[in-house]
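The structure appears right after this line, and notes come after that.
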Number of protein chains: 4
Amino acid sequence: MVAMRGMDATMTGEDKAPRTERGRRTLRALLDAARAEFGEKGFHDSSVVSITSRAGVALGSFYTYFDSKESLFRALVKDMSGQVRDHVAPVLPGVGDQIDAEGRALAAFLLFARQHKEIYRIIDEAEFVAPDAWKAHYGTTVERILERLKAAETRGELSGPIDEAHAWAIMGMNVFLGLRYGVLGEERAVEDIAEVVNRMLRKGLG
Amino acid sequence: MVAMRGMDATMTGEDKAPRTERGRRTLRALLDAARAEFGEKGFHDSSVVSITSRAGVALGSFYTYFDSKESLFRALVKDMSGQVRDHVAPVLPGVGDQIDAEGRALAAFLLFARQHKEIYRIIDEAEFVAPDAWKAHYGTTVERILERLKAAETRGELSGPIDEAHAWAIMGMNVFLGLRYGVLGEERAVEDIAEVVNRMLRKGLG
Amino acid sequence: MVAMRGMDATMTGEDKAPRTERGRRTLRALLDAARAEFGEKGFHDSSVVSITSRAGVALGSFYTYFDSKESLFRALVKDMSGQVRDHVAPVLPGVGDQIDAEGRALAAFLLFARQHKEIYRIIDEAEFVAPDAWKAHYGTTVERILERLKAAETRGELSGPIDEAHAWAIMGMNVFLGLRYGVLGEERAVEDIAEVVNRMLRKGLG
Amino acid sequence: MVAMRGMDATMTGEDKAPRTERGRRTLRALLDAARAEFGEKGFHDSSVVSITSRAGVALGSFYTYFDSKESLFRALVKDMSGQVRDHVAPVLPGVGDQIDAEGRALAAFLLFARQHKEIYRIIDEAEFVAPDAWKAHYGTTVERILERLKAAETRGELSGPIDEAHAWAIMGMNVFLGLRYGVLGEERAVEDIAEVVNRMLRKGLG
DNA sequence: CATGAATGAGAGTTCATTCAT
DNA sequence: TATGAATGAACTCTCATTCAT
């Protein structure tokens, strides 16, 4: 992904790891509190005091585990990005061709978004707060989509030529459908939405 | 859309309108400075002092025209939302069917995004800073797309049934393609991208 | 009044007098607006813009007539102080002795306070905003009371020796009774209150 | 009144209480600094920076203990109101009748005012800055006076009928005598002033 | 490891006053 | 005289981060 050059997806290992069981519990509590807080109020209206008080730990303890409010946010974005991946990956192999698989992936993503509505607020805000993590998220997502499409093209399932733009287009569709039918409203079945896309991808609208 | 042409969406309702020519110049300077500042640094890293100093006016003058930093941001979002609309609308009528028209719309949008790269930072951040303006932007955008698709369906140009999900899918594609090929990189011609989408919408990928 | 040394009761003639009829009307409008504004909101929560807009004149016009917000306030305090005096003085001569006269004075003052409830807010706040005007008000008031009492003592109406403390005591009674039965509530007739004081002054409570 | 003795009226309900000894010291320093600052300069000319710098603590520490400049002022008014009460109450029981007792109360109040000259500036300004605390102060003061007078009337010490107006009259006398002979000048002995009032209340001026 | 008081840079906002028109 | 835009000093309050206990 040429445009993604410069993204730093490898900034793992910052922040301090807990060494005791008690420490592990405190860290967990902080992460959960942060996810709720950032999801509800956004990065700037969230405060470290509020996060620690949600977590039931002392203010100072925050800095035992994180270097800064930003570094916690970054950790959260990476975590959620990974979770999406882990949630969607298992449904990709299955009956049917790649277009069917993309439909299943969208359905799985919609389900995930419904269970974790805060994901949009957090990942979207990463554009401003943690640009590297944000670029990493969308960069790897689009790369994965493109690889799948290329492989399908090679297998003759798609009438190419497939290029990067297709992957961006599909990611955009998924993101906005996830926003609309995952977060903003749940009035339609995820399979229904997946079917709409499936038809579009298979035969177009014409 | 036509009804919107020329109307100053920036100063609707809130904030005070200037009564003299000098005041009009000051207001213009503030809006321009704000667009640049917010586009470069985002809402929270932008400051009113910095905006006024860019604009070459005194700090206090800001509050002659705007109630708050937020209200300026809101005004800007509405303004840019209107500009996108005004930029895209003229290309919609033309030769070919609705799918061709959507392709032209995307190309026009890409050109606009290239000329106004700050639009993404500003409209995206509105999700957090001015949620109402943000919802209004995407809400009217999707409505307009849906109307066009429905009309085309009625004309028999599209093999329905068309529903809201199609509009969201198309908006998502456009937004992410605009981000990728309008803002992040300009290595491909806008017609090229439009053609990719055109093919997808016309015949799918199958 | 030894303690009042230093008060500047003579600062008349500051501010600019209007020379035209139109100017006279503007000045009048400003004074009326100021009285209402200061009475409602107090000095610090009142603003020059608000006063001028109440008066229906332009902001800049304020400085055509007053040097500053404070100087307007000072003018108002002197004005109201004079009005109290002018309202009470006429009732002093009359049937009965000096104690009767003091009762009539209190009744007249209560009536005035009921018609001009803002007087308390304005004169009380003068302690902080225009100390000289405040000292002048209470200084001349107490002097006038003391003179009357001394004269009555000379006439044999009072069993002396009368001194300054009596005057302060009576002024204090009047001020607090005016606050209670003039401003805070009007449930008792002013003659009723005057009668209570009359009895106290005539025979005490014992 | 007795029930009030020793209780910290300063920290009732609002504002945060310190949990450590160090915190207690900081809070104390802030309160002392505030009393001096407000007493000298009044509420509006006092600033939080100035108060904290007097107290020798950082600006931010102010907000560890108080919600706002106003809330500190309110706390101070309540505190001083309580202190007056606690200072005067002990002298009420004693030899003689209720009129003697009121004289002792006035003398005690004068002494207190001499030691705490800032009390007038602070309580008077509360009319504008903390109206509730101001009303509470004068309301409870007048109630207590009225109760004492009624009880004395019942015991046959006073020739009634006593009503609320008497209490307001006496409070007014005390307040203005306290201002004149407690704050503005100390040239007369407090017993002297008390004696003047004693005679007035016992036999009137007639 | 946990605690919470202390710190202070920095931000947004107000408004009396000035002044060009 | 009247107007209202322009000015900028001054102020309150926030909050991420540090550190002594």
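Remember, predicted model here, so these are calculated numbers, not experimental data. Here is the naming used below: chain letters follow the sequence lines, and residue numbers restart at 1 for every chain.
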Subject >> D:D79 side chain reached by D:R35 side chain, heavy atoms, under 4.5 Å >> reply: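 Yes - at least one pair of side-chain heavy atoms lies under 4.5 Å apart.
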Original post:
Any side-chain heavy atom of B:F128 within less than 4.5 Å of one from A:D124?
Top reply: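 SC-SC contact between B:F128 and A:D124 confirmed.
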**OP:** Output, in order, the C-alpha distance, side-chain angles, deciding distance and verdict of side chain to side chain contact (heavy atoms under 4.5 Å, CB included) for C:L59 and C:V48.
**Re:** CA-CA 7 Å; C:L59 170 56; C:V48 176; 3.7 Å; yes
Report the distance from atom [atom1] of [X] to atom [atom2] of [N], rounded to the nearest whole Å.
X	N	atom1	atom2	value
D:F66	E:dA6	CZ	P	12 Å
D:K16	F:dC13	NZ	C1'	11 Å
D:E70	F:dC13	CD	C1'	13 Å
B:Y65	E:dT13	OH	P	18 Å
D:F62	F:dT12	CZ	C1'	10 Å

Original post:
Considering only heavy atoms, which members of residues 23-34 of chain A lie under 4.0 Å from some atom of DNA chain F?
Top reply: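 Heavy-atom contacts with DNA chain F come from no residue of residues 23-34 of chain A; none.
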Original post:
Where along residues 36-54 of chain D does a heavy atom fall under 4.0 Å from DNA chain F?
Top reply: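 Contacts with DNA chain F under 4.0 Å: D:S46, D:S47, D:V48.
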Original post:
Could you write out DNA chain F as a dot-bracket string, with dots for unpaired bases, | for bases paired across to another strand, and Watson-Crick or G-U pairs counted at under 3.5 Å?
Top reply: .||||||||||||||||||||
Original post:
Within the structure shown, what part of the strands sits under 4.0 Å from C:S61 by heavy-atom distance: base, sugar-phosphate, or nothing?
Top reply: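 If one applies the 4.0 Å heavy-atom cut-off, C:S61 turns out to touch a base.
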**OP:** Show your reasoning for whether salt bridge (charged side-chain N to carboxylate O under 4.0 Å, His left out) applies to B:E21 and B:R24.
**Re:** CA-CA 5 Å; B:E21 180 49 31; B:R24 228 144 5 236; 3.4 Å; yes
**OP:** Look at atom CZ of C:R28 and say whether more than 12 heavy atoms of other residues, nucleotides or ligands are closer to it than 6.0 Å.
**Re:**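 Count over threshold, so yes.
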**OP:** Could you pull out all residues at least two apart from A:F38 that satisfy ring pair (Phe, Tyr, Trp, His ring centres under 6.0 Å)?
**Re:**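 Partners of A:F38 under the ring pair (Phe, Tyr, Trp, His ring centres under 6.0 Å) test: A:F43, A:F73.
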Original post:
Which nucleotide sits closest to the side chain of C:K69: E:dA16, F:dT1, F:dT7?
Top reply: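 Comparing E:dA16, F:dT1, F:dT7 against the side chain of C:K69, the answer is E:dA16.
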Subject >> Expected output: side-chain D:K16 to main-chain D:Y63 donor-acceptor under 3.5 Å >> reply: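 The answer is yes, because a donor-acceptor pair under 3.5 Å joins these two groups.
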Identify each atom pair where a protein N or O and an N or O of nucleotides 18-21 of chain E are less than 3.5 Å apart, giving names and distance.
none

Find the distance between [atom1] ([X]) and [atom2] ([Y]) and round it off to the nearest 0.5 Å.
X	Y	atom1	atom2	value
C:D32	C:L27	CG	CG	9.5 Å
A:I51	A:F66	CD1	CZ	9.0 Å
B:S46	B:E40	OG	CD	8.5 Å
B:F62	B:T52	CZ	OG1	8.5 Å
D:R74	D:L76	CZ	CG	12.0 Å
D:E127	D:K135	CD	NZ	9.5 Å

**OP:** Using the P atom on both, measure F:dT21 against E:dC1 and round to a whole Å.
**Re:**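 The answer is 22 Å between these two P atoms.
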Subject >> Comparing A:P18 and D:R19 on DNA chain E - which has the more 5′ nearest nucleotide >> reply: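 Of the two residues, A:P18 wins.
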Original post:
Who passes salt bridge (Lys or Arg N to Asp or Glu O under 4.0 Å) against C:E125, sequence neighbours left out?
Top reply: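 Salt bridge (Lys or Arg N to Asp or Glu O under 4.0 Å) check on C:E125 returns nothing, list empty.
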